[in-house]
Every structure is written in structure tokens, then in C-alpha cells.
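All residue numbers in this chain count up from 1 along the given sequence. Both counts, for ligands and for their atoms, begin at 1 and track the order of listing.
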Amino acid sequence: MEKMDLIPMSEWGLGLGDTMNISGPCSAETAEQVMETAQGVTKHEVDVLRAGIWKPRTRPNSFEGVGSVGLKWLKDAGEATGKPVCTEVANVKHVYEALRTGIDILWVGARTTTNPFAVQEIADALEGVNIPVMVKNPVNPDLELWIGAMERLYKSGINKIAAIHRGFSTYGPSKYRNEPQWEIPIELRRRMPDLPIICDPSHISGKRELLQSVSQKALDLNFDGLMIESHPNPDKALSDARQQVTPVRLGEILESLVHRNPNSADPQLSNKLEMFRERIDEIDENLIRMLADRMDVVKKIGQFKKDNNITILQTSRWNEIIQERLALSGPLGISNDIMVEILQMIHKESIRQQTAVMNAVESK
Ligand code: PEP
Ligand code: MN
């Protein structure tokens with residue numbers, strides 16, 4: 001698809017600058033709860049109010065949202081505080097009801113983004129409507145699917161688009177509710193430099209204690225804003241209780257964040273940074289040459305194993321490599337997880353190269 005020509009947030013007509021902080025409850029529960037949250041969070045640097053009206057829950061019999069009545073509570077809270085409001089839409093009915101109530105920004109949730117049929121239906125319903133739409137990453141780590149959802153909206157004429165990074169689901173134990181896999185939004189930024197990317201630390205963290213550090217990391221990666229869930233009484237929230245914070249705590253988190261500059265205006269500082277970068281370039285070049293040297297040796301081993309009829313994989317040798325390398329890398333400050341990942345990638349390529357040598361058709 002051709003490049004998307006997007007309208008910057010500051011021209012969305014919602015009084016936004018170049019960044020956008022969003023807060024409000026995971027779910028609208030009562031008119032009072034939405035209003036109280038809105039009045040609390042707008043004392044801080046919050047530009048847009050959120051509330052979920054229809055909640056996509058993993059299992060039935062959990063609270064699935066108050067439904068359409070909540071739209072008016074959200075809109076009223078926006079009017080009382082002078083802020084635009086946003087909510088999640090997952091089907092055509094949601095779109096029509098949200099538009100009818102005058103919701104200012106829509107978002108497509110992580111479960112919906114995974115489904116091109118659902119996204120296309122929403123995009124078709126929005127044809128000719130001038131409203132900003134935010135697209136959460138799909139629950140699975142698939143950048144193309146994420147971009148595809150935004151392209152579907154763009155093809156329907158939506159040109160006020162932002163992405164929301166809310167992390168990716170994993171199976172098994174993790175510090176996070178949804179793994180951030182920061183390399184994915186970083187690649188999205190590289191591919192679509194004009195697209196605002198908002199971080200949702202609440203759904204990444206799954207618990208309040210991590211909100212501050214995930215938010216700071218997002219700012220340090222030049223994200224364009226944060227979406228953080230808030231509730232007057234988080235422990236009693238009907239959804240996502242563990243990750244919601246009071247408006248007061250939200251204020252503390254926002255105030256604690258350090259806003260650093262993407263580029264330094266001071267030429268002396270830029271020079272220093274340039275020097276570090278040159279050094280990194282040099283080290284990367286060495287790494288590449290050393291990897292190539294390693295692969296040459298691997299090919300020789302492949303030939304040796306072939307000539308002597310030995311199999312490629314010797315598990316004991318592979319275990320020994322991992323143990324010895326970790327003993328070296330750990331004290332040098334490289335985390336074991338990362339080192340194992342790097343070794344596995346190198347090993348994968350070694351096996352591929354050896355297999356190619358062993359199974360090469362001999363020329364007569
Ligand atoms: C939400 O924002 O409350 C929500 C349901 O998010 P996600 O689609 O990221 O799970
Ligand atoms: Mn939530």
C-alpha cells in the first residue's frame with residue numbers, strides 16, 4: 001500500500017499538542033464513578049478521558065461492561081472537564097452508538113485487531129466519518145497485522161490514526177501481563193515515522209507497581225503519550241482491578257516521569273553522542289566480521305563431520321557451550337536470558353550452514 005498521509009494529533013481539532021495522555025477507568029461502572037475519575041485525573045496532565053463500555057473478557061460470566069448507557073456518562077464527564085473522550089469499538093453497532101453519542105476518538109481493541117474481518121467491518125462503518133481512531137496492537141506479536149488494521153481504516157478515509165502499544169500475550173510465567181516486546185513498536189516507528197504511538201502501561205504491566213517504570217521506558221523510546229487506567233477505588237474495580245490506580249496516584253506517576261529530549265540542541269552534547277555512536281558502529285562491524293569468521297570455521301567442521309560420518313548435533317557439546325559462555329557473560333553484566341537467546345540464534349545458523357555443507361550435491 002502507498003504511504004499513509006496522516007494528520008498530526010495537533011490538527012485533530014481536539015485541543016491536543018504533539019503528545020496525548022489518556023486516562024480513565026478500564027470500564028465505566030456508574031455515572032458517578034466515571035465523573036469522579038474524570039474530575040480527579042484532569043487535575044493532572046491528562047488530555048483525553050477513556051472508559052470501556054463493552055468489555056472483551058477472556059471468560060464469560062465476568063463483567064462485560066455496562067453497555068450503551070455508559071456512553072452518556074463518559075460524554076458528560078468529558079463535557080464537565082472540557083476534555084475529549086474515547087472508547088473501544090469492536091463491531092458496527094458499537095461504532096454507530098459511539099458516533100451517535102458524540103464520542104471524540106474511537107479505539108480498536110487488541111482482540112479485534114487480530115481479526116481482519118472485524119476490522120474491515122469497522123472500517124466500512126466509518127467510511128466518510130471524520131473521527132480519529134486508535135489501533136491497539138494485536139494480542140499476538142504480528143506487526144503486519146497491526147499495520148494492516150491501520151491500512152484498512154486509512155482506505156476508508158480515516159486519516160487521524162494513532163497506534164497503541166499494549167503488549168503481547170505470552171503463555172507461561174512473565175513479569176508482565178503482556179510482554180512489551182519493545183522492538184515491535186520501535187520497528188513500527190521506523191516503518192511509519194509520522195504515526196503517533198501511545199503506550200498503554202496498564203495492560204502491559206497488569207499490576208500497579210510496574211506502571212512507573214514501563215511509562216518511563218516508553219518516554220525514553222520517544223512514545224507520543226500514555227494511556228493509563230484509573231479508578232476512584234481500584235481494588236473494587238469490576239475489571240482489571242490490579243492495574244488501576246487512583247487519580248492521585250496517577251498524578252504522582254505522571255509527575256515522576258523524566259521527559260528527555262530525542263535530540264540534544266547543545267552541539268557539545270551532540271558531538272559526544274556522535275562519538276559514542278561511532279564507537280558502536282565500529283563494534284558492530286567487528287561483531288559482524290567475527291560472526292563471519294565463526295561461520296567459516298563452522299563450515300570446516302561441517303566438512304570434517306561429513307568426511308568422517310559424524311552427525312551435526314552433539315548435545316553435550318551444545319550444553320557445554322551454553323554453560324561456558326554464560327560463565328563468561330554473566331560477570332560482564334550480560335543477562336543470561338539475552339545471552340542464551342543470542343547463542344541459540346548463532347547455533348541455529350551454524351546448524352543451517354553445516355546441513356548445507358553435508359547435503360551439498362558433490363560435483364564430479
Ligand atoms: C482496555 O483498554 O481496557 C482493553 C480491553 O484493552 P486491550 O484491548 O488492550 O486488551
Ligand atoms: Mn482494562
> For K136, which of D200, V108, I198, T112 qualifies under side chain to side chain contact (heavy atoms under 4.5 Å, CB included)?
Replying inline: D200
>> Looking at D284 and R277, is any side-chain nitrogen of the basic one under 4.0 Å from a carboxylate oxygen of the acidic one?
In response: no
>> Check for me whether C26 has a heavy atom closer than 4.0 Å to any atom of ligand 1.
In response: yes
>> I need the atoms of ligand 1 closer than 4.0 Å to a non-hydrogen atom of R111, numbered in the order shown.
In response: 7 (P), 8 (O), 10 (O)
> Can you check whether R50 has an N/O within less than 3.5 Å of an N/O in ligand 1?
Replying inline: yes
> To the nearest 0.1 Å, how far is atom 4 (C) of ligand 1 from its closest protein heavy atom, and which atom is that?
Replying inline: H203 NE2, 3.5 Å
>> Using a 4.0 Å heavy-atom cut-off, which part of K55 comes near ligand 1: side chain, backbone, both, or neither?
In response: side chain
> Any idea which heavy atoms bring T114 and P138 closest together, and the distance?
Replying inline: CG2-CB, 3.7 Å
>> To make sure I understand the geometry: which N, O or S atom in E229 is closest to the Mn ion (ligand 2)?
In response: OE2
> Can an N or O of W107 be found at a distance shorter than 3.5 Å from an N or O of ligand 1?
Replying inline: no
>> Does ligand 1 come near enough to D200 that some N or O of the ligand is less than 3.5 Å from an N or O of the residue?
In response: no
>> For the Mn ion (ligand 2), give me the closest N/O/S atom belonging to D240, just the atom name.
In response: OD2
> Does a salt bridge link K83 with D104, judged by any charged N lying under 4.0 Å from a carboxylate O?
Replying inline: no
> According to the interplanar angle, ranging from 0 to 90°, do the rings of W318 and H347 count as parallel (below 30°), tilted (30 to 60°) or perpendicular (above 60°)?
Replying inline: parallel
>> Using a 6.0 Å cut-off, check whether atom CD of E209 has over 12 heavy atoms from anything other than its own residue.
In response: yes
>> Quick check on F63: does its CZ atom have over 12 non-hydrogen neighbours (other residues, nucleotides or ligands) under 6.0 Å away?
In response: yes
>> A quick test of your reading: do over 12 heavy atoms of other residues, nucleotides or ligands sit less than 6.0 Å from CD of E45?
In response: no
> Counting heavy atoms only, which of A110, G167, S169 comes nearest to atom 8 (O) of ligand 1?
Replying inline: A110
> In ligand 1, which numbered atoms sit nearer than 4.0 Å to a non-hydrogen atom of G109?
Replying inline: 8 (O)
> Which option out of E88, R166, K136 puts a heavy atom nearest to atom 2 (O) of ligand 1?
Replying inline: K136
